[in-house]
4 protein chains.
Amino acid sequence: MNRPRRTDPGRRERILDAVLDLIARDGSAGATYRSVAEASDVPMGSMTYHFPTRDDMLLAAFERLADQMHGRFDEIMAEPLDGEDPRERVVQLIVTQGAGYGRDMVLSAELYALAVRDERYRVLIQSWMERSRASLRRHFPAEAAPVIDALQEGLVLHSHISTEPFDVDRVRGAVYRLIEPTAVSHAEVPAEEAR
Amino acid sequence: MNRPRRTDPGRRERILDAVLDLIARDGSAGATYRSVAEASDVPMGSMTYHFPTRDDMLLAAFERLADQMHGRFDEIMAEPLDGEDPRERVVQLIVTQGAGYGRDMVLSAELYALAVRDERYRVLIQSWMERSRASLRRHFPAEAAPVIDALQEGLVLHSHISTEPFDVDRVRGAVYRLIEPTAVSHAEVPAEEAR
Amino acid sequence: MNRPRRTDPGRRERILDAVLDLIARDGSAGATYRSVAEASDVPMGSMTYHFPTRDDMLLAAFERLADQMHGRFDEIMAEPLDGEDPRERVVQLIVTQGAGYGRDMVLSAELYALAVRDERYRVLIQSWMERSRASLRRHFPAEAAPVIDALQEGLVLHSHISTEPFDVDRVRGAVYRLIEPTAVSHAEVPAEEAR
Amino acid sequence: MNRPRRTDPGRRERILDAVLDLIARDGSAGATYRSVAEASDVPMGSMTYHFPTRDDMLLAAFERLADQMHGRFDEIMAEPLDGEDPRERVVQLIVTQGAGYGRDMVLSAELYALAVRDERYRVLIQSWMERSRASLRRHFPAEAAPVIDALQEGLVLHSHISTEPFDVDRVRGAVYRLIEPTAVSHAEVPAEEAR
DNA sequence: GATGAATGAGCTTTCATTCAT
DNA sequence: CATGAATGAAAGCTCATTCAT
């Protein structure tokens, strides 16, 4: 009834999280000004103050998603190897994403659906991909990155569609075959092909 | 003005093609009863006669898409090898789809976005994937199929997002590395590693 | 609550009358889908079925107005003269409109405001004016019509703005001076300058 | 980016001119606080400081319009006659306004539409009309003014609606017939019916 | 079987206005 | 004095779906 809430720090972030939750549950179409306003406890009339159009809101939400996902990606890639085969990190990445609840997967799928038809979302993915590749280049040669990316994308996507149990060994097999074992990080000792 | 259209054979197919065209252009949300009716020259009131709910209509359209796309996939895979390395077919597949106009890609992306949240679409993709794998098994061992699938998916998807030119040699490199050269078709002569 | 109203003849006319009433009271901006729906007892969701856009609705309403007003205009002009000076009819017209409640005046003013910026309304007025002039030509030469029209318009408009009482004699003076007494109807006897 | 604008003289006038421009283009409804603020480069939050309600703003803008238009009117009327028939001035007035771009006409039409329903705008027009008549009385008897006014109004209005080319001679004919040639200015020599 | 008419629900967006600073 | 942030109210319009014919 009587919430002045003249200042509400973090409101923007709260809105964007609500947007992502709703998209994860109901698809992009489900993130309406109404549903988002309710989910984030912001008056509907205020939504357009923060995001003039619904599309601005979606785009901002996906930018946030890209940041968050890259953060998790980079965390895994940044950890020191300690003699471990760097390819194991890629396996871990794929397995983590493939086995997870799938919020990220659902959101990525929506993002791709938007991106194939809309330049703005395409640019967003491009810059995200570029950041991922930069992370990969810590351990792998530049040419390998796009292919690793693609394999990861395809495996994770299919893992969420398929009924078959996720097969870690198959993933490992594919990753190891795809990436040259000599393709070690510039700073790491190759080690004895750990694991 | 005065179209009796007492019998209208092919109406169902015309509707579904219109649905796919509209989804390709505007996303799933763009295929409304209204827009589809107009695009396929069918009275709006008749739409629910043919497809009781909008979702039935979308699902039927994607079934049609799966059939069409599998047809093209299988055509490429079915052609006799004549001593050619079967992996070259996979390369051809990826290149064809990756370089194409993208209608299929756009539609696939929409389908995946639906599938990750809706069982019915997931089942549709599963059966489609199963058919693809059956086609792949003509030339490759069963275990290889899912990985080939995944790589293909990822490469094609990224090719439609990326600004970089499509690199055939990189695709070939990945495919050849991923699939054992000994994994020849049961009926074919290995040949001299053509190309 | 439970009004099936599957068939509702005259609904279109009822809507348009409500539109005109609302415009007369609140201006064009006051005839919203909402207000009109309520005033004409039609579900709001049905409004766009009958008039796809609000502008279509307004235009149709003003077409109805033009018909109604021309009907009244023509009635006065059509009555046989019986030896009366035809110019007296023009005086009568102006006085009737100028002294009236002003619904017509208010509506005309709104129509003009739309017409000066929108071709469609301009065309509507043009055809209305042409019909008026056809009526005038029964009694006056073709060249006189536009000027009579204009004088009438100006006098009626100002009568609704001015605080001064409406002066019939001044109107008569202006009309008689403006129109040649010899400009009699083709079928009438000039008579002795009646009145 | 960083406009201090500590003092901004002429802001009020700039705002009102923007209001009039917007009304001319989009009608009264088009002059919103937002659109006006943008067009006049004034912060939106400041609009209500200068004009507490939107209606205050519109009224002030039309007051400005009345001043401007009367200024132009009076200029034409004030010029010494040098033996010219004063009625020629009226012709000139009508022709000038009728042939012009129509900004004034559009604005007048909007003003009338407001005036027929709102006392405040009616009062504004009344005082404007009174000033016009005062100007007319320099050359014509008091009784003639209202009729000249009305004819002018009607002719100009119709000229902006009609598709026919503006006919100067018809205007002159009407003006000369409507106004007694003896109705000369108190200070002028009648002259030989100059043309 | 096929469809024109109809509608409840909900959508995105605009807007006048308020008010703490 | 001036203004950025905010919001309740309402606007035009779309749409999936129903149903009498």
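Naming convention: chains lettered A, B, ... in sequence-line order (proteins, then strands); numbering from 1 in each chain. We use all heavy atoms of the structure for the numbers below, so side chains are in, but hydrogens, waters and symmetry mates are not.
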Check your understanding: Do Asp26(C) and Arg117(D) meet the salt-bridge criterion of a basic N to acidic O distance under 4.0 Å?
Key -> no
Review point. Rounded to whole angstrom units, what separation is found between the CG atom of Leu22(B) and the P atom of dA16(F)?
Key: 12 Å
Check your understanding: In dot-bracket form, how is DNA chain F paired, counting a Watson-Crick or G-U wobble pair only if both its distances are under 3.5 Å and using | for bases paired to another strand?
Key -> .||||||||||||||||||||
Point to revise | Rounded distance in Å - CD (Glu38(A)) to P (dG10(E)) | key: 11 Å
Practice item. Taking all heavy atoms of Ala115(B) and all of Tyr121(B), pick out the closest pair and write down the distance. Key: CA-CB, 3.7 Å
Point to revise | Between dT13(E) (C1') and Met57(A) (CE): distance, integer Å | key: 12 Å
Check your understanding: Base, backbone or nothing for each nucleotide of nucleotides 10-15 of chain F, written B, S, -, heavy atoms under 4.0 angstrom, 5' to 3'?
Key -> BBBBBB
Practice item. Please name the pair of heavy atoms, one in Leu114(C) and one in Phe62(C), separated by the smallest distance, quoted to 0.1 Å. Key: CD1-CE1, 3.5 Å
Check your understanding: Is Ser46(C) near enough to dT7(E) that one of its side-chain N or O atoms lies under 4.0 angstrom from OP1 or OP2?
Key -> yes
Exercise for review: Identify the two heavy atoms, one from Asp56(A) and one from Arg120(A), that lie closest to each other, and give their separation to 0.1 Å.
Suggested key: OD1-NH2, 3.2 Å
Check your understanding: Between Arg54(A) and Tyr33(A), which heavy-atom pair has the shortest distance, and what is it?
Key -> N-OH, 2.9 Å
**Study point:** Those residues that, when tested against Arg25(A), pass side-chain contact (heavy atoms from CB on, under 4.5 Å) (two or more places apart)
**Key:** Leu22(A)
Review point. Separation of His50(B) atom NE2 from dT3(E) atom C1', in whole Å?
Key: 10 Å
Review point. Taking CE from Met47(A) and C1' from dT12(E), how many angstroms apart are they, rounded to a whole number?
Key: 11 Å
Check your understanding: Can a salt bridge be assigned to the pair Arg64(A) and Asp17(A) using a cut-off of 4.0 Å between side-chain N and carboxylate O?
Key -> yes
Check your understanding: Within the structure, does a side-chain N or O atom of Arg12(C) lie under 4.0 Å from either OP1 or OP2 of dA6(E)?
Key -> no
Practice item. Please state whether the phosphate of dC1(F), meaning OP1 or OP2, lies under 4.0 angstrom from any side-chain nitrogen or oxygen of Tyr49(D). Key: no
Point to revise | Whole angstrom value for the distance that separates C1' of dA6(F) from CG of Asp41(A) | key: 14 Å
**Study point:** More than 12 heavy atoms of other groups within 6.0 Å of Gln68(A) CD
**Key:** yes
Practice item. Report the distance from atom CG of Asp56(D) to atom C1' of dT17(E), rounded to the nearest whole Å. Key: 12 Å
Point to revise | Flag side-chain contact, heavy atom, 4.5 Å: Asp118(B) against Leu59(B) | key: no
